[in-house]
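Have a look at the structure below before the remarks.
In this text the structure is predicted, and so the values were computed from the model without any measurement.
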Amino acid sequence: MSDTPARPRPLSPHLTIYRLTWTMAMSIVHRITGSALYFGTLLLAWWLVAAATGAKYFDTANAFFGSWIGQLILLGYTWALVHHMLGGIRHFIWDTGRGFGPERQGLARMTLIGSVSISILLWVLALVLRS
Amino acid sequence: MRTPLSRIRGLGAAHHGTEHFWLQRLTAAANVLLLVVLLGIVVTLVGRSHATVIATLSRPLIAVLLVAAVISVAIHMRLGMQIIIEDYVHSEFRKVVLLMLNTFFCWGVGLSCIYAVLKISFGP
């Protein structure tokens, strides 16, 4: 009994053995965008607190958001927000018991296509309004 | 015999029943509506002066919608991050600590945003 070799317990198959599908990718991206949005709320808090503090401090925050790195972060944040929102709407469709058939691939694809197009639309709108 | 009553008694393994699931969906629905409004506000305020931003954010309807959005988002993100922590952190001690930090973070961000909006609304 005592010389039974200690073998590691079998593990259930994980990510690496499955072929990547659209639904799987979108599920992972839903989590990643959710986490990004989670920490990104610090930016909203900073912007609001800066506005509440005064014009000088607000200009500092605005200068950061206006810089190329700030704009890049905001562009990513816009996309993450829209993508997570569309992913959430997909979850609502699933909650009604629909969308589990072959159409789920199309739904997953639409989430990505929709999030990219809506993000671009929002930025074009912001740029048009600013000028 | 397994009766419907005995099944819901104790409300499952976490003893919270469907509360987590329901609150996640409830805040998700609220977020869709409120964040569309918030996105609209942000899009019109990009690059504007401090005075314009203050004037817009201190309008009652916008301030109330903003505070509602912050509350809904804070609850939603606490629930979402809780799931991620419970999925990936298996050490009981680290899990409990991270769950606490998660709650602190969401309350911290939420309260900061609400304080800022109220301060802007009520003036200096």
Proximity of [range] to chain A, residues having a non-hydrogen atom under 4.5 angstrom:
range                       : result
residues 55-73 of chain B   : B/L57, B/L66, B/V73
residues 106-114 of chain B : B/C106, B/V109, B/S112, B/C113
residues 91-104 of chain B  : B/N102
residues 82-90 of chain B   : B/I83, B/I84, B/D87, B/Y88

Value rounded to 0.5 Å, distance of CE in B/M77 from OH in A/Y38: 5.5 Å
Once you round to the nearest 0.5 Å, how far does NE2 of A/H84 lie from NE2 of B/H76? 4.5 Å
Report yes if some heavy atom in the side chain of [X] is under 4.5 Å from a heavy atom in the side chain of [Y]; otherwise report no.
X     : Y      : answer
A/T41 : B/F105 : yes
B/N31 : A/M85  : no
B/V53 : A/W47  : yes

Measure B/V117 against the heavy atoms of chain A and call it side chain, backbone, both or neither at under 4.5 Å. side chain
Is B/A29 close to chain A through its backbone or its side chain, or both, or neither, when contacts mean heavy atoms under 4.5 Å? both
Measure distances from A/L81 to the heavy atoms of chain B and classify the residue's part below 4.5 Å as side chain, backbone, both or neither. side chain
Honestly, the part of A/F39 sitting under 4.5 Å from a heavy atom of chain B is both
If you count heavy-atom pairs within less than 4.5 Å of chain A, which of B/R78, B/R25, B/R48, B/Q24 leads? B/R25
So if you build clusters from Ile, Leu, Val, Met, Phe, Trp, Tyr with side-chain heavy-atom gaps below 4.5 Å, do [X] and [Y] land together?
X      : Y      : value
A/L72  : A/L74  : yes
B/V32  : B/L26  : yes
A/V124 : A/Y77  : no
A/L86  : A/M110 : no
A/V49  : B/F122 : no

What residue among B/V43, B/V46, B/L39 forms side chain to side chain contact (heavy atoms under 4.5 Å, CB included) with A/L125? B/V43
When the ring planes of A/F58 and B/H50 are compared, do they come out parallel, tilted or perpendicular, using 30° and 60° as the limits? tilted
Should the heavy atoms of other residues, nucleotides or ligands under 6.0 Å from CZ of A/F100 be counted, would the total exceed 12? yes
Smallest separation among heavy atoms of A/L48 and B/I120, with atom names: O-CD1, 3.9 Å
